[in-house]
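Just so you know, these numbers use all the heavy atoms, side chains as well, and skip hydrogens, waters and symmetry mates. Per chain, numbering begins at 1; letters A, B, ... match sequence-line order.
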Amino acid sequence: MYSKTVMDHFKNPRNVGVIEGADGVGEVGNPLCGDMMSIYLKIKDEKIHDIKFQTFGCGAAIAVSSMLSEMAKGKSLDDAKRISNKDVADALEGLPKNKLHCSNLGADALKLAIQDYEDKKAGKKRPTPKRAEKHEHTHGDKCYCPYCDSEVEEGATFCMACQTDLEEAH
Amino acid sequence: MAMINLDHLSANPLLPAVQAAMIEAIQKNYGNPSSQHKIGDQAAVALDKARESVAGLIHCATPKEVVFTSGGTESINHAIKGVAFAKADKGKHIVTSNIEHNAVLRTLRRLKMMGYQVTSLPVDEHGRVDPGDVAKAITDETILVTIMHSNNEIGTIQPIEEIARITRDKKVIFHSDATDSVGVVPMDVQKLGVDLLSFASNTFYGPTGVGGLYVRRGTMIWPLLDGGVQENNKRAGTENLIGIIGMGAAAELAIKDMPSRITYAKHLKEKLLRELPNHIEEYIVNGHPEWSLPHLVSISIKYIEGESVVLLLDEESIAVSTRSACAAGALQASHVLLSIGRDFADAQGTMVITFGEDNTEEDVERFLTVLQVAVKTLREISPLYQKPAN
């Protein structure tokens, strides 16, 4: 079901842990589908000097966190912000369709961690890390089924195209 | 390394006697039971024999009450839709429970799209329905009560006899999804008092793709599949004779071996539950302590997610099942686990272990050792474990 790269990162995740006194922290999660992720950054010369993560989730979620941490390490903040969910999934040699939502978590957590660092630097009050209850609408205003990518109505709990339950996950 | 199968609910090896019966049928009995010649007669004799075996397993009044189907899902669809369509002029109200299998839930959802009303009853913390709630839910419009015999995620067995007394009293048809019970625990449809009972052959070491629906004589039900007059006019289409012969052979073995199978499974289950605290901390055992499938253990392990555990165990050649949303591909926590009061995170860390004849005490010990390492590994990664205050 999973690619070799996914299994490798799942079994031997890189950069697991917490950075005490991190320069930036990003936390995302979706208790409904179960995945939660925290990313810790140490920044030096506007580059990601060190990165650690913690993840509660399935094999894909853990592999995504690990791969993302490797991709981000050493990058400038601007380059790191440009890492997309798709980049992570591609680097993992693809994810099963119903696991693509897991890859969203990784890039979202990284962006939040960078934002946290930039806010602190700009003297803004550090926002309390908050776990999102629902997925953001990543394709713009419209909602799409996470299984078949058909457009579904806002708030729909059932995809007519592929006959699948959606609940809050779309 | 040979695989240790602790997921007998998903897949059972075909027992040698079942294999032998099927292979003999493949080689010698290719006929169509409906044909009017000797090749057909031979097939019809084998079909009748299998029907008698299966009827014996569930104690039907007559073998004619067994309808062979393609498995539990078809039987459930047949029972629910068959009654809903046959009794639509009497009413369109159906009573069920909150912890049914998807085969029931989605069949009922389909009927709701067609104008039927469904009342779904809550369960207690062990997953049992209160028969009093069933009595209260039944109205003049109620045509069917459908409540499972045992649950596939927590193993809890429902008070079917008590519910049947109520449905008989109120003259409402009662269907029970016994897919995970028939062939595992003693089953007597006459004593239970159900009108319809769904079951599957692969639950008791028979082949997949074949199952049965018990239809009490005189129960108003339409066929799901229309066509020929097979299966006493209740299920059209040429029978899956090879599969049915395998199911018959498996039923004979289940009748004979059930007491020893139950004793053995209970022994392994007790060993696992007794030794589990020596290996992991912070978990919940799901289900009813007494009214439970003898071979099933359901545990919710805190701070970790089930699919990750399954993958790590699989790497060590141990097969278990999880009810995490991620693994189910459903992206939502199990409705069964939420119904018995587990929170989202605990529901995510739920594993189901089901024992079979091929398991040994060494299997349990190896499972516990490997599980201990897997849980430790995953908790080290988990943000919930580091910050349990949340």
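A donor-acceptor pair is defined here as one N or O able to donate and one able to accept, closer than 3.5 Å; no such pair exists between the side chain of A:T55 and the backbone of B:I381. Under a 3.5 Å cut-off, the side chain of B:E307 and the backbone N or O of A:G57 do not form any donor-acceptor pair.
Against chain B, no residue from residues 41-52 of chain A qualifies, as none has a non-hydrogen atom under 4.5 angstrom away.
Minimum interatomic distance between A:V16 and B:E380 (heavy atoms only, all atoms of both residues): CG1-O, 4.0 Å. The nearest pair of heavy atoms linking B:P383 to A:S38 is CB-OG, 3.8 Å. Pairing each heavy atom of A:F56 with each of B:Y303, the nearest pair is CD1-O, 3.2 Å.
Between the CG atom in B:L312 and the NZ atom in A:K11 there is a gap of 9.0 Å [rounded to 0.5 Å]. To the nearest 0.5 Å, atoms CG (B:D314) and CE (A:M1) are separated by 11.0 Å.
For B:E281, the CD atom counts as loosely surrounded, since its 6.0 Å shell holds 12 or fewer non-hydrogen atoms of other residues, nucleotides or ligands.
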Side-chain polar contacts of residues 336-345 of chain B - donor-acceptor pairs under 3.5 angstrom, sequence neighbours left out - could you list them?
residue	atom	partner	partner atom	Å
B:S339	OG	B:H335	O	2.6
B:R342	NH1	B:N286	OD1	2.4
B:D343	OD1	B:A345	N	3.2
B:D343	OD1	B:D346	N	2.8

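The shortest side-chain heavy-atom distance between B:L384 and A:M36 falls under the 4.5 Å cut-off.
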